[in-house]
Amino acid sequence: MWVYQEQVDGKNLTDIINEKHENVKYLKGKTFTNNVVADPDIMSAVKGATLLIFVTPHQFLKFDALQTAELGPDCKAISLIKGIEFEEGGPRLISGIIKDSMGGMDTSVLMGANVANEVAADEFCESTVGFATEGAGAVWQKLFDCPTFRVGKIKDVAGVELCGALKNVVALGAGFCDGLGYGGNTKAAIIRIGLKETAKFARLFFKGIQDDTFMESCGLADLVTTCFGGRNRACAEAFAKGEGTWDDIEKSKLNGQKLQGTITAKDVMTVLKHKKLEAQFPLFARIYEIAFEGKDPKSIVEL
Ligand code: 13P
């Protein structure tokens, strides 16, 4: 496991992980099995790999180093990164960036209702592999599936990945509702509208989106868990209560982790503005206005 090196209490984080089998900074109190070895050198971490799992916040992806890595034969990639990027006129999938940066490598995605500390505590949950080739889908399902982490699969990389990325934006809306003290009915309405806008966005920009994707763990289930228990929700609740700027809240609540929903909300708005589509996505547009244009959080229910 490649780990970005940092100092914790004057020691290398990788040394602490290898001694205690615990990531004391980002996943405190959860024990890794002994076969997980933290390595600060990306080249040695991936040497000989036949399966590469990308799970850094996407701001930290390091392709320059990987270009010359000595990988094993027929190496495949999977992305667990719930983000998105935009280039001139359109959304760009992180899995697409990985694929292109890794010489066209077969790249799948794994997304689902998987709040990290609950997964690490072995609480039952489900997840979804989105694959491009049947062989890769079968390999990744076999690798990850176990009695407490049930993995389904569907041939829809873009649909699965967009569900994972866009639910972070909807979660901001859910957090605004919590900050304002609104009840379950209101949050359920935000979730429903959010799922519809997610499906519409996916179908507008990508081909081959499957209807079934939205009923898999990556769709409805991830949206629900994130809108009740996620970090984006928690930070948006604090924002609606006036507890500071996004930077202040991220620093005080996330212990060095990065919020994805705010970046994704900006990126989504860039493309909607560019295509003059804001009116067709009233929830995404309103969440952006509240988060970045000073609009009153109460306007979340004036769609
Ligand atoms: P947060 O990043 O909002 O914690 O979302 C967690 C998640 O992706 C659950 O599947």
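Start at 1 with the first residue, then count along the sequence. Start at 1 and go down the list; that is how both ligands and their atoms are numbered.
At least one N or O atom of N232 sits closer than 3.5 Å to an N or O atom of ligand 1. Considering backbone and side-chain N/O atoms, A113 never comes within less than 3.5 Å of an N/O atom of ligand 1. Note: an N/O pair closer than 3.5 Å links K82 and ligand 1 by distance alone.
We find that E278 and K273 are not joined by a salt bridge, their nearest charged nitrogen and carboxylate oxygen being 4.0 Å or further apart.
Going from atom NZ of K82 over to atom OG1 of T226 covers 5.5 Å, rounded to the nearest 0.5 Å. In this structure, CD on E197 lies 7.5 Å from CG on L303, to the nearest 0.5 angstrom.
Figure legend: cation-pi geometry between K153 and F144 absent, as NZ or CZ is not positioned both under 6.0 Å from the six-membered ring centre and within 45° of its axis.
A continuous path of ILVMFWY side-chain contacts below 4.5 Å connects V271 to Y288, so both sit in one hydrophobic cluster.
Below 4.0 Å from some heavy atom of R231 lie the following atoms of ligand 1, by number and element: 1 (P), 2 (O), 3 (O), 4 (O). Against a heavy-atom cut-off of under 4.0 Å, D222 is close to the following atoms of ligand 1: 7 (C), 8 (O), 9 (C), 10 (O). If you number the atoms of ligand 1 from 1 as listed, the ones under 4.0 Å from a heavy atom of N114 come out as 9 (C), 10 (O). Against a heavy-atom cut-off of under 4.0 Å, V115 is close to the following atoms of ligand 1: 9 (C), 10 (O).
At a 4.0 Å cut-off, at least one heavy atom of G112 sits close enough to ligand 1 to count as contact. Under a 4.0 Å heavy-atom criterion, R233 is not in contact with ligand 1.
Among protein heavy atoms, the minimum distance from atom 6 (C) of ligand 1 is reached at K167 NZ, 3.8 Å.
Using cut-offs of 30° and 60° for the angle between ring planes, the F284 and F201 rings count as perpendicular.
The side-chain contact (heavy atoms from CB on, under 4.5 Å) with I190 is formed by just one residue from the set L172, I300, L195, L223; it is I300.
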